[in-house]
Novice: 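For reference, the structure I am asking about is given below.
Residue numbers count from 1 along this sequence.
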Amino acid sequence: MDAQAIETDDAQGGMNAAFTQDLLDRGYSRRHLAKVAALLGAGAAVARVTGAAAQQAAKPVAGAVRIGANECWTGPFPVAAEAAFKLVQEGNRYEPDDEHAKLFAAVAQVEGITADRVVAWPGSSDPLNRAAVTFASPARGIVTADPTYEAIWRTGAWIGAKVTKVPVTKDYRHDVKAMLAADPNAALYYICSPNNPTGTLTPLADIQWLADNKPKDAILVVDEAYIHWSEEPNAAKLAGTRDDVLVLRTFSKLFGMAGMRLGLTFASPKLMEKMMRYDGGQVTAMLPMTAVACGTVSVAQPDLIKQRRAEMIAARTLATDHLAQKKIMVLPGSHANMFMVDWGKPAKDMQAALLAENVQIGRSWPIWPNVSRVSVGSLEEMKAFNAAVDKVWKA
């Protein structure tokens, strides 16, 4: 491709010549360049095409018991909300008092990694999309479990990267050896642990095995959006010590900040530089200071985290025990604020029946059409779920 053509693509897509050439060298066609540029630049076209499609939860129904989107049943910790409100009062400043650095330092202390390996984002979807663009291609693709969080599937399809899906094991964890065997030359291996939608953990030893045995130049992405619901070991220190592991975190789940849009990545600075080169780090520089302040306080509340985790487990157990009494199968092993119910018949019909009782649960995945994802709400919300099941269930 000649220089003039590259310059034309740059003008249309918003990327400089070096980055455009990088995409072409990795096997992307000119047809996909504008899509990549739009995806990373939040273009209007991609927002229409992938924004709605990437939403895994249905539009919320006003007045219903909303246990379908894996949200927390309550908002931020009060002490964190107070910190956010303080920043509202200082909203005339772009960054009143080095809020980014405070967040990075707080996270680094909790996770036992260095602050230069922590970057904040408006949620975790942006860095997940960037990882697909930065490392995968039509020639060297992405390997995931099935079922899992589907955003990276949609991104791969949108930009033209190869995506390989590998069924989970019999105990619903990622089959890391099968994932490597399915595409030994992939550029990106994606593990969601606890997994969405099953809530199950992939043991840290398995994640370590994949990190050690994948191609040396491939990237292992570990999505730990739900890790705070579990007390099991996590992958933060892998990202803190290696240059080929990227860990994603979010404040949208246990911390009750889904609407505030704050996420994190843990990775080497060089890896982050590659992911930011398409926009010069503009996205990470535009975070709302209210969310940053709220997150900084939230991560340093071990007692409140433990208390909220216990509340969720009690509500989850209330629901799963009730289903077991009715001999309705629940997939075992969830460590997150969700569980999967195998109705033995089309899940979409049960979803509709429960919605008629004003309870909105989650959907099914194509690989398991009879299985619904149910988010864990408050104790009162799970009691309402149990009552709705009693009304509509027919074995």
Side-chain angles (χ1 to χ4, degrees), residues 55-57 65-75 123-125 128 144-152 168-169 171-174 190-204 206-207 221-236 247-258 262-264 298-299 302 304-324 329-342 347 360-365 367-368 371-379 381-382 385:
Q55 296 297 319
Q56 295 206 50
V65 173
R66 289 161 56 174
I67 51 173
N70 292 350
E71 299 158 322
C72 191
W73 65 91
T74 188
S124 58
S125 295
L128 181 58
T144 81
D146 188 11
T148 195
Y149 182 54
E150 295 165 315
I152 202 162
V168 294
T169 63
D171 57 354
Y172 310 110
R173 59 180 171 79
H174 288 61
Y190 173 74
I191 290 178
C192 185
S193 181
N195 190 31
N196 180 6
T198 59
T200 47
L201 281 163
T202 295
L204 185 58
D206 288 1
I207 296 173
V221 176
V222 186
D223 188 340
E224 294 187 331
Y226 300 90
I227 199 65
H228 296 99
W229 295 119
S230 171
E231 295 185 273
E232 295 298 313
N234 62 63
V247 169
L248 303 175
R249 293 284 181 87
T250 183
F251 288 83
S252 297
K253 308 307 175 183
L254 182 142
F255 296 113
M257 293 172 54
L262 184 65
L264 300 169
S298 295
V299 297
L304 294 177
I305 291 170
K306 184 177 181 179
Q307 178 183 333
R308 187 167 286 186
R309 183 189 300 129
E311 291 173 8
M312 185 280 293
I313 292 172
R316 187 180 67 201
T317 301
L318 178 77
T320 57
D321 284 355
H322 186 79
L323 294 169
M329 181 183 175
V330 176
L331 275 58
S334 176
H335 285 254
N337 64 328
M338 70 190 103
F339 54 90
M340 297 291 279
V341 184
D342 188 344
Q360 185 178 22
I361 66 169
R363 61 180 179 84
S364 62
W365 266 241
I367 196 171
W368 293 340
V371 184
S372 297
R373 186 189 68 187
V374 179
S375 301
V376 179
S378 66
L379 276 172
E381 288 173 327
M382 302 321 290
F385 166 75

Novice: Okay, side chain of E224, backbone of A235: is any donor-acceptor separation there less than 3.5 Å?
Specialist: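 Indeed, once roles are kept as given, a pair shorter than 3.5 Å links the two residues.
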
Novice: Rounded at 0.5 Å granularity, tell me how far CG in L254 sits from OG in S230.
Specialist: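 Rounded to the nearest 0.5 Å, the CG-OG separation comes to 11.0 Å.
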
Novice: Checking the side chain of D223 only, and the main-chain atoms of P194 only, is there a donor and an acceptor separated by less than 3.5 Å?
Specialist: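 Looks like no, no N/O pair under 3.5 Å.
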
Novice: Step through it carefully: locate the ring centre of H335, locate the ring centre of Y226, and say whether they are under 6.0 Å apart.
Specialist: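 Between H335 and Y226, the centre distance exceeds or equals 6.0 Å.
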
Novice: Looking at residues at least two apart in the chain, or sitting in another chain, which of them share a side-chain contact (heavy atoms from CB on, under 4.5 Å) with S364?
Specialist: A347

Novice: Could you grab the distance from atom CE of M312 to atom OG of S378, nearest 0.5 Å is fine?
Specialist: 13.0 Å

Novice: Any chance you could measure Y149, atom OH, to S125, atom OG, to the nearest 0.5 Å?
Specialist: 4.0 Å

Novice: Taking it one step at a time, do F385 and L323 satisfy side chain to side chain contact (heavy atoms under 4.5 Å, CB included)?
Specialist: CA-CA 10 Å; F385 166 75; L323 294 169; 4.1 Å; yes

Novice: Can you list everything that forms a side chain to side chain donor-acceptor pair (under 3.5 Å) with H322? Sequence neighbours excluded, please.
Specialist: D390

Novice: Going by the rule side-chain contact (heavy atoms from CB on, under 4.5 Å), which residues pair with D342 if we only count those two or more places apart in sequence or in a different chain?
Specialist: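 Testing D342 for side-chain contact (heavy atoms from CB on, under 4.5 Å), a comparison that skips the adjacent residues, returns M329, L331, N370, V371.
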
Novice: Which atoms form the tightest heavy-atom contact between F255 and T250, and what is the distance?
Specialist: CD1-O, 4.4 Å

Novice: Do the side chain of H174 and the main chain of C192 share a donor and acceptor less than 3.5 angstrom apart?
Specialist: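 Here the side-chain-to-backbone pair exists.
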
Novice: To the nearest 0.5 angstrom, please state how far the CG atom of L264 sits from the CG atom of L248.
Specialist: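 The distance works out to 9.5 Å.
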
Novice: With sequence neighbours excluded, what pairs up with D206 under the side chain to side chain donor-acceptor pair (under 3.5 Å) test?
Specialist: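 If we apply the side chain to side chain donor-acceptor pair (under 3.5 Å) test to D206, skipping adjacent residues, the hits are R173.
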
Novice: For F339, which residues count as a ring-ring contact (aromatic ring centres under 6.0 Å, His included) partner, sequence neighbours excluded?
Specialist: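 None.
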
Novice: Locate the shortest heavy-atom distance separating I207 from I191; write the atom from each residue and the value.
Specialist: CG1-CD1, 4.0 Å

Novice: Could you measure the distance from the CH2 atom of W229 to the OG atom of S334? Nearest 0.5 Å is fine.
Specialist: 11.0 Å

Novice: If you compare all heavy atoms of V168 against all heavy atoms of N195, which two are closest, and at what distance to 0.1 Å?
Specialist: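 Minimum heavy-atom contact is CG1-ND2, 4.4 Å.
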
Novice: Answer yes or no: is there a side-chain heavy-atom contact under 4.5 Å between Y190 and L128?
Specialist: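 Of all side-chain heavy-atom pairs linking L128 with Y190, at least one is under 4.5 Å.
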
Novice: Which residues pass the side chain to side chain donor-acceptor pair (under 3.5 Å) test with T144, not counting sequence neighbours?
Specialist: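 With neighbours one apart ignored, the set is W153.
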
Novice: With side chains defined as the heavy atoms from C-beta onward, is the minimum distance between M257 and S252 less than 4.5 Å?
Specialist: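 No, their side chains stay 4.5 Å or more apart.
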
Novice: Using every non-hydrogen atom in the two residues, find where S193 and I227 come nearest and quote the distance to one decimal.
Specialist: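 Scanning both residues completely, I find the closest heavy atoms to be O-CD1, 4.0 Å.
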
Novice: Please identify each residue that fulfils side-chain contact (heavy atoms from CB on, under 4.5 Å) with Q360, with sequence neighbours left out.
Specialist: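 Residues passing side-chain contact (heavy atoms from CB on, under 4.5 Å) with Q360: A58, P60, V61, A64, R66, L355.
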
Novice: Please check if the side chain of R373 supplies one atom and the backbone of T198 the other of a donor-acceptor pair under 3.5 Å.
Specialist: no

Novice: Of the non-hydrogen atoms in A315 and G377, which two are nearest, and what is the gap between them?
Specialist: CB-O, 3.4 Å

Novice: For the atom pair NZ (K253) and CG (N196), what is the distance rounded to the nearest 0.5 Å?
Specialist: 7.0 Å

Novice: Excluding sequence neighbours, so at least two apart, what forms side chain to side chain donor-acceptor pair (under 3.5 Å) with S372?
Specialist: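 Here the qualifying residues are W343.
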
Novice: side-chain contact (heavy atoms from CB on, under 4.5 Å) with L318: which residues, sequence neighbours excluded?
Specialist: L379, M382, K383, N386

Novice: What is the minimum heavy-atom distance between A145 and T148, and which atoms define it?
Specialist: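 Answer, listing the atom of A145 first, then T148: O-CG2, 3.3 Å.
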
Novice: Using the salt bridge (charged side-chain N to carboxylate O under 4.0 Å, His left out) rule, collect all pairs that involve residues 305-320, keeping only residues at least two apart or in two chains.
Specialist: E231-R309

